[in-house]
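What follows is a short report on a single structure.
Numbered from 1 within each chain, the chains take letters A, B, ... in sequence-line order.
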Amino acid sequence: MNLVKRIYNWVDIRVGTGELVEKELTGYLLPVNINVWFSMGSILLFIFAMQVVTGMLLLVYYVPDADKAFKSVSFIMNDVPFGWLVRMCHAVGSNMMVLMLLFHMLSVLFMGSYKSPREMNWLSGFILFNLAMGISLTGYLLPWSQLSFWATTVATNSVGSVPVVGPYLVEFLRGGKLVGPPTLGRFFALHVAVIPALIAALIGAHLFFLQRTGVSTPPFGLMDTTNRWQNDRYRYESHPGGIPFFPHYALQDLTSIAVYCALFLGVAFFDPYIFFPSTAFIPANPFQTPAHIKPEWYFLPNYQTLKLFPSEFLGIAVQVAAMTFLALLPFIDRGKEKHPLKRPLFMVCAVGGIIIYIALMVWGHYS
Amino acid sequence: MKCSFLQTGDVPHALRFAFILLCMLSFPLDVIAQETATVCLQCHSAQTGRGGMVVQPWKTSIHAENGISCHDCHGGDPKDAVNAMSPARGFLGVPKETDIPAFCGRCHVGIRDDYLQSAHGRALGKGGPTCVTCHGSHDIKKVTLELINEKSCSRCHPYERAAEIKAAMVETERQFMSIEGRLARFKGEGVDTEATDKELFSIRNTYHRLFHEVNTNRVKSESSKLQGELAKLDHILQKLDEQRAKRKITGAFVIAGALVAALLFYLLRKTYGNDR
């Protein structure tokens with residue numbers, strides 16, 4: 001018996017690794033008609049890991065002080081070996097994370113995977129999406145550039161439209177009347193400690209719900225595309241005769257992650273500046289407002305919606321209503337059908353929603 | 001299909017009323033922020049005669065672009081319409097012809113000295129040109145070599161010598177434009193250009209001092225020296241371009257590696273099929 005096998009046996013008789021591998025990997029069966037969209041979750045786990053690693057590397061040189069933050073980022077970009085690559089991967093990665101989250105949510109929506117008994121999977125995923133937006137927003141301020149400073153000023157101003165408590169909320173977020181050094185301290189703490197911990201916890205909850213409910217069956221390539229879950233007792237959705245997660249679907253996950261890496265590195269190496277206007281490289285100046293300050297692409301629909309309404313409060317109220325509707329969708333849409341083409345009302349709403357979302361984004365960009 | 005959401009139907013009157021009330025309540029009182037302008041601009045914009053002719057040219061000037069307003073040159077109080085032109089508030093009005101170099105020279109100190117030492121400056125008050133003869137008084141544009149042209153120079157003297165000076169400076173100007181453009185691009189990509197910026201600023205200052213020099217030989221020799229200095233900066237920027245090209249080549253290999261890995265994983269997945 002060679003050394004590796006002896007070590008494996010030593011561990012196995014203590015923690016039962018063989019049984020664990022059989023249960024969670026080789027014996028973990030997935031629907032035979034599973035498709036590539038189911039690997040979005042693995043891509044997102046990979047992105048989150050990349051963000052954590054690159055974020056930790058940036059922390060080595062980043063100084064969360066309003067007088068030193070911009071210079072420290074400039075130092076990372078120009079003097080630290082491969083610092084530019086780490087920073088670009090972190091910044092491009094945050095954009096890609098939001099993009100992939102959108103794709104993941106859309107695939108869940110169109111395949112009806114949010115339906116019972118997966119309400120908690122959807123809710124935890126929806127909260128994760130909002131946390132990803134939050135971590136992106138808080139990270140945006142950290143380089144202390146003109147873009148960071150003024151985009152944060154605009155974003156925190158919007159909170160002031162909340163009736164009664166709005167002004168207090170703005171002051172609480174900023175740590176003062178205006179965006180300044182205390183804001184940087186608060187956003188830094190949120191970005192590197194509070195939100196990552198919440199995201200990690202929510203990912204754990206999301207995976208736990210997935211593990212307990214089982215992978216949903218995609219509605220494509222089947223005669224019966226209805227949700228067969230019965231609302232009487234807990235049942236695990238097993239897939240007898242399905243394909244094993246390992247090595248079969250794990251290889252699909254790896255294929256998707258490798259394709260994602262090619263796309264992500266293509267942006268990071270060849271044109272990361274699609275995510276960086278020139279104001280991103282000018283130090284913050286509270287006395288000089290840049291012309292045409294715009295938020296990141298994923299906040300453009302929110303930004304344009306705020307502009308469409310006569311008051312910011314109404315704009316925010318509409319967005320809160322839309323987000324609440326989306327969050328509670330599994331509780332509102334109780335229909336059994338999962339195939340998108342057999343859900344015409346859903347299709348009209350979903351496609352209409354996507355068109356409006358993209359139109360607002362484009363409009364926000366050019367307005 | 002059982003979908004209870006998004007069903008159409010009449011909206012109850014109470015809900016409509018609540019919505020309208022919400023819209024009305026949420027209108028902020030201070031909807032429109034008034035654009036603030038100095039009292040100088042407010043009065044002169046409304047004037048139809050000579051006084052009103054200065055506003056529009058100023059708006060297109062390098063001064064307006066850099067936030068230099070009426071009171072920065074002419075003095076006075078830009079916030080008090082009644083006392084805006086009061087000498088007690090520092091109002092200087094329009095300078096006499098011989099006072100113009102000193103008037104402009106309060107800010108452009110080095111250029112005033114260069115001008116006063118030049119043939120142009122030595123002819124001040126004796127028919128020679130002042131600052132505004134070439135640069136204009138309100139529609140002042142960013143200085144370029146275009147300012148030296150036959151139409152403008154031949155108002156006072158033959159153009160030949162000016163043309164010779166301009167020719168000596170054209171190449172230097174081209175180098176400046178090229179380096180400035182590339183520096184702006186690098187800056188917009190997060191490159192720390194501070195040291196190169198300072199170097200260029202220093203060279204540009206020396207270059208600008210040549211603008212009021214009318215000694216052709218000196219202009220030629222100084223231009224040649226400046227071109228040498230600019231060539232060094234150009235070399236630094238070339239190194240940066242090479243570094244970025246190398247990064248892209250490395251990136252292309254890494255991306256190719258990721259795509260090959262994707263292909264291998266895909267082929268391996270295919271070999272397993274759907275069998276356990």
Between A/Val259 and B/Ala262 the two heavy atoms that sit nearest each other are CG2-CB, 3.7 Å

Turns out that what part of B/Ala256 lies under 4.5 Å from chain A's heavy atoms comes down to neither

All heavy atoms of B/Glu189 vs all of A/Met77, minimum pair found to be O-CE, 3.8 Å

Counting heavy-atom pairs under 4.5 angstrom with chain B, the leader among A/Ser278, A/Ser161, A/Ala262, A/Ala250 is A/Ala262

*Count the heavy atoms of every other residue, nucleotide or ligand shown that sit under 6.0 Å from NZ of B/Lys141, and state whether that count exceeds 12.*
yes

- Over 12 non-hydrogen atoms of neighbours within 6.0 angstrom of OH in A/Tyr61: no

Under 4.5 Å to a heavy atom of chain B? For A/Pro272 that would be neither

Notebook entry, point to check: Backbone N or O of A/Asp79 within a donor-acceptor pair of the B/Asp192 side chain at under 3.5 Å?
Noted result: no

Looking only at B/Gly190, B/Ala261, B/Ala258, B/Ala252, most heavy-atom pairs under 4.5 Å shared with chain A are made by B/Gly190

Q | Any donor-acceptor pair under 3.5 Å from B/Arg269 side chain to A/His248 backbone | A | yes

If you tally heavy-atom pairs under 4.5 Å between each of A/Phe276, A/Trp84, A/Phe269, A/Tyr249 and chain B, the highest tally belongs to A/Trp84

field: More than 12 heavy atoms of other groups within 6.0 Å of A/Lys71 NZ
entry: no

Note: A/Thr255 and B/Tyr266 closest approach over all heavy atoms is OG1-N, 3.4 Å

So CG of A/Leu251 and CG of B/Leu268: to nearest 0.5 Å the spacing works out to 4.5 Å

Applying a strict 4.5 Å limit to non-hydrogen atoms, the region of A/Tyr273 in contact with chain B is side chain

Is A/Phe270 atom CZ crowded by more than 12 heavy atoms from other residues, nucleotides or ligands, each under 6.0 Å away? yes

Whatever's closer than 4.5 Å to a heavy atom in chain A on B/Lys248 counts as both

Heaviest contributor of heavy-atom pairs below 4.5 Å to chain B, chosen from A/Leu85, A/Thr226, A/Asn78, is A/Asn78

- Check the surroundings of atom CD in B/Glu194: do more than 12 heavy atoms from other residues, nucleotides or ligands lie under 6.0 Å from it? no

Here the gap from A/Ile243 atom CD1 to B/Tyr272 atom OH, rounded to the nearest 0.5 Å, amounts to 13.0 Å

